[in-house]
Amino acid sequence: MPDHLPRRQVLRTAGALGLGAAAAGALTSTAQAGTDAARTGSATGTPDRLTGMRGHHGKLEITKAPFGTTPDGQQVDVYTFTNGRVTISMLTWGATIQRVETPDRRGRTTNISLGFDNLPDYAALSPYFGATIGRYGNRIAKGRFTLDGTTYQIPVNNGENALHGGTIGFDKLVWKAKVVQSDKAVGVAFTYVSPDGEMGFPGELTSTVTYTLDRRDNLRIDYHATVAGKPTIVNLTNHVYFNLLGEGNGTIYDHVLELNAPKYTPVDATLIPTGEIAPVAGTPFDFSRPTAIGKRLRGDHQQLIFGRGYDHNFVIGGEPDEDGLRLAGRFWEPEHGRTIEVLTDQPGVQFYSGNFLDGTFLGIGNKAYRQGDAFAFETQHFPDSPNHANFPSTVLRPGETYKSTTVYSFGTK
Ligand code: GLA
């Protein structure tokens, strides 16, 4: 390995991390749903089965194993849950999606999300791979905003701006985890209490983000937060990076994208929205008809130059369904046929074409991630909303509840 590449750690939790759909399926179901949910991972790193249920459409199971220990001695666990077709691994570090294994149209299963196999790489290198992002997803100009007459300063970590909650966002903290399960879905509820003043944000914020996989291959994320003491601003999202060819298997430029977004929010050279809400029609930002991501990506549009590709908030269109959700976008990888549909109740989505991946480190499959090797699709309020009165508000006051839902629906075509 060349000297400039960080040395990757030895796989310390092989039992947990090698757990693909097949291995998970090999853990026989006992139909004792929930009875051993309190068990913890064994010292050897062998995953313990926490729940098992057999059903018509697939078997819902969840296991837990140790993943690593932070320098200050906190244990980090990996939870792996499956419906027998789709298998998802999540870490208590950053409430992070570590792996997403889905079948292609011929039934061959692979991991389609970027990540690492060890905690030190997450802590040192991760550009938010799979992480739950908070307290404020995306950028706040110069890290500054004013709320009820008081100006707050978030430590800047992206040029002159604050990105994804400042220098130590929710992605770099250990969350508490609780298994959740029903006869329809299985997953984990992650909770983190952010003290008043953490990263400069006012008010004590209690966030619970629940990730569940159902029998129909939907990964549902339910965000819930309340604030005590002072009003604050909140914009939670998840930063999973997908490559539907499989993690490390090339670029996403031939993935076909259809966006339900008639408008987007153009940015300045530091990727802060100008405040304009512009129509996509006639620009490379128009994905109202299914279009390959790479088709216009390297064109001369000023916004693509600023973003080094797509790194923009799109304004979701249309009316919500009976669950309050709207389709934000659909991705399709034509060669092997995997699809993802994303539904959300959020007003916007940051579509990021992996522009800053630069090949300087190796991921979970021991391959370097280069520019365009994945996309992120972060459902959220608009970037820098606290500094734009014309954007939907991100203020949360004591007594109010922040609630939001996003669904990633996996399929093939
Ligand atoms: C978001 C930002 C990008 C980039 C990624 C993380 O998508 O908009 O500019 O910082 O997070 O690398």
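Just follow the structure's listing: the first ligand is 1, and inside any ligand the first atom is 1.
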Considering heavy atoms of the protein only, find what lies nearest to [atom] and give residue, atom and distance to 0.1 Å.
atom: atom 7 (O) of ligand 1; answer: Glu378 OE2, 2.9 Å
atom: atom 5 (C) of ligand 1; answer: His239 NE2, 3.3 Å
atom: atom 4 (C) of ligand 1; answer: Tyr352 CZ, 3.9 Å
atom: atom 3 (C) of ligand 1; answer: Asp311 OD2, 3.0 Å
atom: atom 10 (O) of ligand 1; answer: Leu163 CD2, 3.3 Å

Contacting atoms of ligand 1, where contact means under 4.0 angstrom from a heavy atom of [X]:
X: Tyr128; answer: 6 (C)
X: Asn138; answer: 2 (C), 8 (O)
X: Tyr241; answer: 6 (C), 12 (O)

Test your reading of the structure: does Gln350 have an N or O sitting under 3.5 Å from an N or O of ligand 1?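 Yes, Gln350 has an N/O under 3.5 Å of an N/O on ligand 1.
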Do any nitrogen or oxygen atoms of Asn158 lie less than 3.5 angstrom from nitrogen or oxygen atoms of ligand 1?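 In this structure, Asn158 places no N or O atom under 3.5 Å from an N or O of ligand 1.
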Pairing residues for Asp222 by the side chain to side chain contact (heavy atoms under 4.5 Å, CB included) criterion, not counting sequence neighbours: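 Expected list: Thr210, Arg220, Thr405.
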Quick one: side chain to side chain contact (heavy atoms under 4.5 Å, CB included) partners of Ser404, sequence neighbours excluded?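 For Ser404, the residues satisfying side chain to side chain contact (heavy atoms under 4.5 Å, CB included) (neighbours in sequence not counted) are Tyr223, Asp345, Gln346, Tyr402.
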Is it the case that the side chain of Asn260 and the backbone of Ala328 share a donor-acceptor pair, with hydrogens and angles ignored and the cut-off at 3.5 Å?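 No: the side chain of Asn260 does not pair with the backbone of Ala328.
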Ring-ring centroid check Phe314 His312, cutoff 6.0 Å: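 No - the distance between ring centres of Phe314 and His312 does not fall below the 6.0 Å cut-off.
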Verify the distance criterion only: is there a donor paired with an acceptor across the side chains of Tyr264 and Thr283 at less than 3.5 Å?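 No, because no side-chain N or O of Tyr264 sits under 3.5 Å from a partner of the opposite role on Thr283.
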Shortest heavy-atom approach to atom 1 (C) of ligand 1 - which of His164, Gln380, His312: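 Considering heavy atoms of His164, Gln380, His312, the nearest to atom 1 (C) of ligand 1 sits in His164.
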Please determine whether a side-chain nitrogen of the Lys or Arg among Arg85 and Asp217 lies less than 4.0 Å from a carboxylate oxygen of the Asp or Glu.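 Looking at Arg85 and Asp217, the cut-off is met.
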Between Lys142 and Asp384, does any side-chain N to carboxylate O distance fall below 4.0 Å?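 The answer is no: the pair does not qualify as a salt bridge.
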Arg330 to Phe287, cation-pi by 6.0 Å centre distance and 45° axis angle: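 Pair Arg330/Phe287 does not count as cation-pi.
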Does Phe375 have a non-hydrogen atom less than 4.0 Å from ligand 1?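 No, that is not the case, since the closest heavy atom of the residue is not under 4.0 Å from the ligand.
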